[in-house]
Structures are given as C-alpha cells and as structure tokens.
Chemist: 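This is the structure, below, for whatever I ask next.
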Amino acid sequence: MITFNRFSQLPANEIVTLWNKGFEGYFTNAALNLDRFLARTVSEGLSLEHSLAMMVDGEPAGFVMNGFRTVNGLKTAWNGGTGIAPSHRGKGYGKLLMAQNIQLYREQNVNLALLEAIKQNEAAIKLYQGAGYQTTGELVCSIQEDALDPELLLPSFPQRFVIRHAKPRDARTLSFYNRDAAWQTGWQSLKDGDCCILSDGEERVGYALYKRNYSEDGFLNSIILYQCEAAPGRADSGKILKALLKEVYGPLEMPYQRMTLNIRHTHAELLELLDRLGFKPYIEQVHMSLRL
C-alpha cells in the first residue's frame, strides 16, 4: 500500500535518513547530517509541512521537499530535492510521487513550479518532463581554488564608480534585479549572505550577491557567487562585472575556494570572464518549470 506523509509528521532523524537514502549513488554527494539539513531548510525557505514522504507498506520509500514564494506576482513552488530509496527505484514510484506533489501544488494555489536537475541525470529529467515540466534554460556551477591574477581584473573600474555594501534584500529594489534566477540564488535564500551594489554617479549600474564562509576559528574558507549583473545596455558592462568580481573574491592573492552557483548559461560575458580567471565547471544543470 502506498501512502503519503508530510515531513512535519515524521521525526527529524527519519527525514534526514530518508534524504540520504534518496540520494545514494547520486551524481554528487548530497548527504547531510541533521544540523546541515535543518540549516538548509531554513535558509532556502523549505516547508516541512508541505514536503512529502512516500511510504510503501509503511516503509519510507521516497520524498519531495518543497518551498513556496511569491515571485513576479506569482505563487511559486520550488522542488528542493526529490529522491527514491535504492530498494524502491525502477518501480514507477517516482511518477506517483510527482503526481501527488503536483496535486499538493494545486491545493496550495501554486501558479508556477520550478526545479533544477543535473544535465547528465537523464532519468530525472525524463521523469519531470513526464509530469509536465519544460526546460527553460541551463545553469553552471564552477570553482577556482588558486589565487586570482589581479591583472585580469585591472583596471577594475573607472574612478567614478563607487561600490556600496548592502543586504541581499536591497538588490530587489534594482530595476534590473534578476527575478528569474534559480531559487537558491535569489535574495530570499541569502539571509546570511552579502550584497555589493556598483554606482556610476547617481545611477546604480551593477550588483552581486555572494556569501563568505568561515571556519570555526574565523578563517575564510570559501566565497560563493550567486548573482553578478550589470545594468542592461551598458557599453562598459565588462568593467562593471570586473569591478564586482574583484570586490566579491578579494583578497585576490589568497588561495581559497571560490565558487559560483547556478549562473545561467546565457550570461556569456560573465562566464567568459570567469573562464579567464581559471574557474572550471563542476556541475551543469537544467532549469525547468511548470505552469499550473
């Protein structure tokens, strides 16, 4: 017998066990301990009340984690993780789980459903397509672990440019803020992140969203870039992006982990600059959506 429970009905340790089983043998290591699972749930706005656990004869077999936001006036749902336990794969349970999850979306009056899937995960992409999702774009995650060559970011920006540090939520007031960015890169997912805004006189012409991660003893471990945008139509957009990257990833001479998360594949100018700086892709994903 197949039944569905909400995550809020299960003990936290059982949820984490199901999460880790669901991602066994995955393309990347997605395993989490309880502390990291709860931190992710909070930071990315995931809902335990509206996330599903599939039970087969009383045994946890699969799950979908969901988050909800209003974006561009639409109630938007994000699939923040789908997994099937190894012993239940290949039996059609994924299709049943997705159908139940979309029914949950309809009950919550969702207008738009979003998710990301690793490009090589053809089985998952086929599953989502069967549920009605369509691919709307591609996303790139990249990494660089050496010191950066400052010459590649010089001249960083004309003297008239000024960088101001702000909160991630402040980026939403910019007319060119990317509201269609992947869920994890939106300002709402960066409650403990950073933002820098570049101005040319009175005009704001660029911004970056990023996060610095520190070790327990206070040393910088990594910097993750989530968004980096220049105002459209600027002839000096390359200089704007250089200025933002110099600010985000400094001090440039220090070798530590510098990363990007889900940069859209069509952001060619930024990706070319990152490539020259030595960033290498480590995950490529497809961005998928479903109108309800």
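Model, not experiment: these values are computed from the prediction.
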Chemist: Could I get the full list of side-chain hydrogen bond (donor to acceptor under 3.5 Å, both in side chains) partners for Asn5, not counting sequence neighbours?
Modeler: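 Testing Asn5 for side-chain hydrogen bond (donor to acceptor under 3.5 Å, both in side chains), a comparison that skips the adjacent residues, returns none.
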Chemist: If every non-hydrogen atom of Leu190 is compared with every non-hydrogen atom of Gln184, which pair is closest and at what distance?
Modeler: CD2-O, 4.3 Å
Chemist: Would you please name every residue forming a salt bridge (Lys or Arg N to Asp or Glu O under 4.0 Å) with Arg204, sequence neighbours left out?
Modeler: none
Chemist: Output side-chain donor-acceptor pairs under 3.5 Å for residues 110-126, partner residues at least two apart or in another chain, one line each.
Modeler:
{"unit_1": "Asn111", "atom_1": "OD1", "unit_2": "Lys75", "atom_2": "N", "d": "2.8"}
{"unit_1": "Glu116", "atom_1": "OE1", "unit_2": "Trp78", "atom_2": "NE1", "d": "3.2"}
{"unit_1": "Glu116", "atom_1": "OE2", "unit_2": "Trp78", "atom_2": "NE1", "d": "3.1"}
{"unit_1": "Lys119", "atom_1": "NZ", "unit_2": "Glu138", "atom_2": "OE1", "d": "3.4"}
{"unit_1": "Asn121", "atom_1": "OD1", "unit_2": "Ala124", "atom_2": "N", "d": "3.3"}

Chemist: Can a salt bridge be assigned to the pair Asp236 and Arg160 using a cut-off of 4.0 Å between side-chain N and carboxylate O?
Modeler: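 Yes, charged N to carboxylate O under 4.0 Å.
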Chemist: How would you list all residue pairs meeting ring pair (Phe, Tyr, Trp, His ring centres under 6.0 Å) that involve residues 271-292, not counting sequence neighbours?
Modeler: Tyr249-Phe279
Chemist: Do side-chain atoms of Ser51 reach the backbone of Ser47 as a donor and acceptor pair under 3.5 angstrom?
Modeler: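 Judged by distance alone, yes, a pair lies under 3.5 Å.
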Chemist: Is the closest basic N to carboxylate O distance between Arg69 and Glu44 below 4.0 Å?
Modeler: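 Looking at Arg69 and Glu44, the cut-off is not met.
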Chemist: Would you compute the distance between atom CG of Leu241 and atom SG of Cys228 and round it to the nearest 0.5 angstrom?
Modeler: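 Answer for the CG-SG pair, Leu241 versus Cys228, is 5.0 Å.
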Chemist: Can the positive tip of Arg169 be found less than 6.0 Å from the middle of the six-membered ring of Trp187, inside 45° of the ring normal?
Modeler: no
Chemist: Could you give all pairs that pass the ring pair (Phe, Tyr, Trp, His ring centres under 6.0 Å) test and reach residues 197-235, with sequence neighbours left out?
Modeler: Phe176-Tyr207, Tyr177-Tyr207
Chemist: Checking Phe68 now: which residues fulfil ring-ring contact (aromatic ring centres under 6.0 Å, His included) with it, not counting sequence neighbours?
Modeler: His50
Chemist: Taking Arg179 for its side chain and Arg172 for its backbone only, find out whether a donor-acceptor pair lies under 3.5 Å.
Modeler: yes
Chemist: Answer yes or no: is there a donor N or O on one side and an acceptor on the other, between the side chain of Asp200 and the main chain of Glu203, under 3.5 Å?
Modeler: no
Chemist: At what distance, to the nearest 0.5 angstrom, does CG of Leu209 lie from CD1 of Ile197?
Modeler: 8.5 Å
Chemist: Got a donor-acceptor contact below 3.5 angstrom from the Asn29 side chain to the Ala31 backbone?
Modeler: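 Between the backbone of Ala31 and the side chain of Asn29 there is a qualifying donor-acceptor contact (under 3.5 Å).
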Chemist: With Lys21, which residues qualify under salt bridge (Lys or Arg N to Asp or Glu O under 4.0 Å), at least two apart?
Modeler: none
Chemist: Would you check if the side chain of Asn20 reaches a backbone N or O of Leu32 as a donor-acceptor pair within less than 3.5 Å?
Modeler: yes
Chemist: Suppose we screen for salt bridge (Lys or Arg N to Asp or Glu O under 4.0 Å). Which residues come up paired with Asp170, at least two apart in sequence or across chains?
Modeler: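 Counting only residues at least two positions away or on another chain, Asp170 forms no salt bridge (Lys or Arg N to Asp or Glu O under 4.0 Å).
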Chemist: Among side-chain atoms of Glu247 and His165, is any donor-acceptor pair under 3.5 angstrom?
Modeler: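 Glu247 vs His165: donor-acceptor pair found between side chains.
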Chemist: Does one side chain, of Asn79 or Asn101, offer a donor that lies under 3.5 Å from an acceptor on the other?
Modeler: no
Chemist: Does the side chain of Gln285 come under 3.5 Å of the side chain of Asn262 through a donor N or O and an acceptor N or O?
Modeler: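 Indeed, the side chains of Gln285 and Asn262 share at least one donor-acceptor pair under 3.5 Å.
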Chemist: Among residues at least two apart in sequence or on other chains, which ones pass side chain to side chain contact (heavy atoms under 4.5 Å, CB included) with Ser175?
Modeler: none
Chemist: So does Arg212 pair up with Asp194, basic N to acidic O under 4.0 Å?
Modeler: no
Chemist: For residues 6-16, which side-chain donor-acceptor pairs fall under 3.5 Å, sequence neighbours excluded?
Modeler:
{"unit_1": "Arg6", "atom_1": "NH1", "unit_2": "Glu49", "atom_2": "O", "d": "3.1"}
{"unit_1": "Gln9", "atom_1": "OE1", "unit_2": "Arg6", "atom_2": "N", "d": "2.7"}

Chemist: Under the criterion side chain to side chain donor-acceptor pair (under 3.5 Å), I'd like the reasoning laid out for Ser289 against Thr136: C-alpha separation, chi angles, the key distance, then a yes or no.
Modeler: CA-CA 7 Å; Ser289 69; Thr136 57; 4.5 Å; no
Chemist: Show me, pair by pair, the donor-acceptor contacts under 3.5 angstrom made by side chains of residues 90-97, not counting sequence neighbours?
Modeler:
{"unit_1": "Lys91", "atom_1": "NZ", "unit_2": "Ser87", "atom_2": "O", "d": "3.0"}

Chemist: Just jot down the salt bridge (Lys or Arg N to Asp or Glu O under 4.0 Å) partners of Arg264, sequence neighbours excluded, or say none.
Modeler: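 Only Glu229 meet the salt bridge (Lys or Arg N to Asp or Glu O under 4.0 Å) criterion with Arg264.
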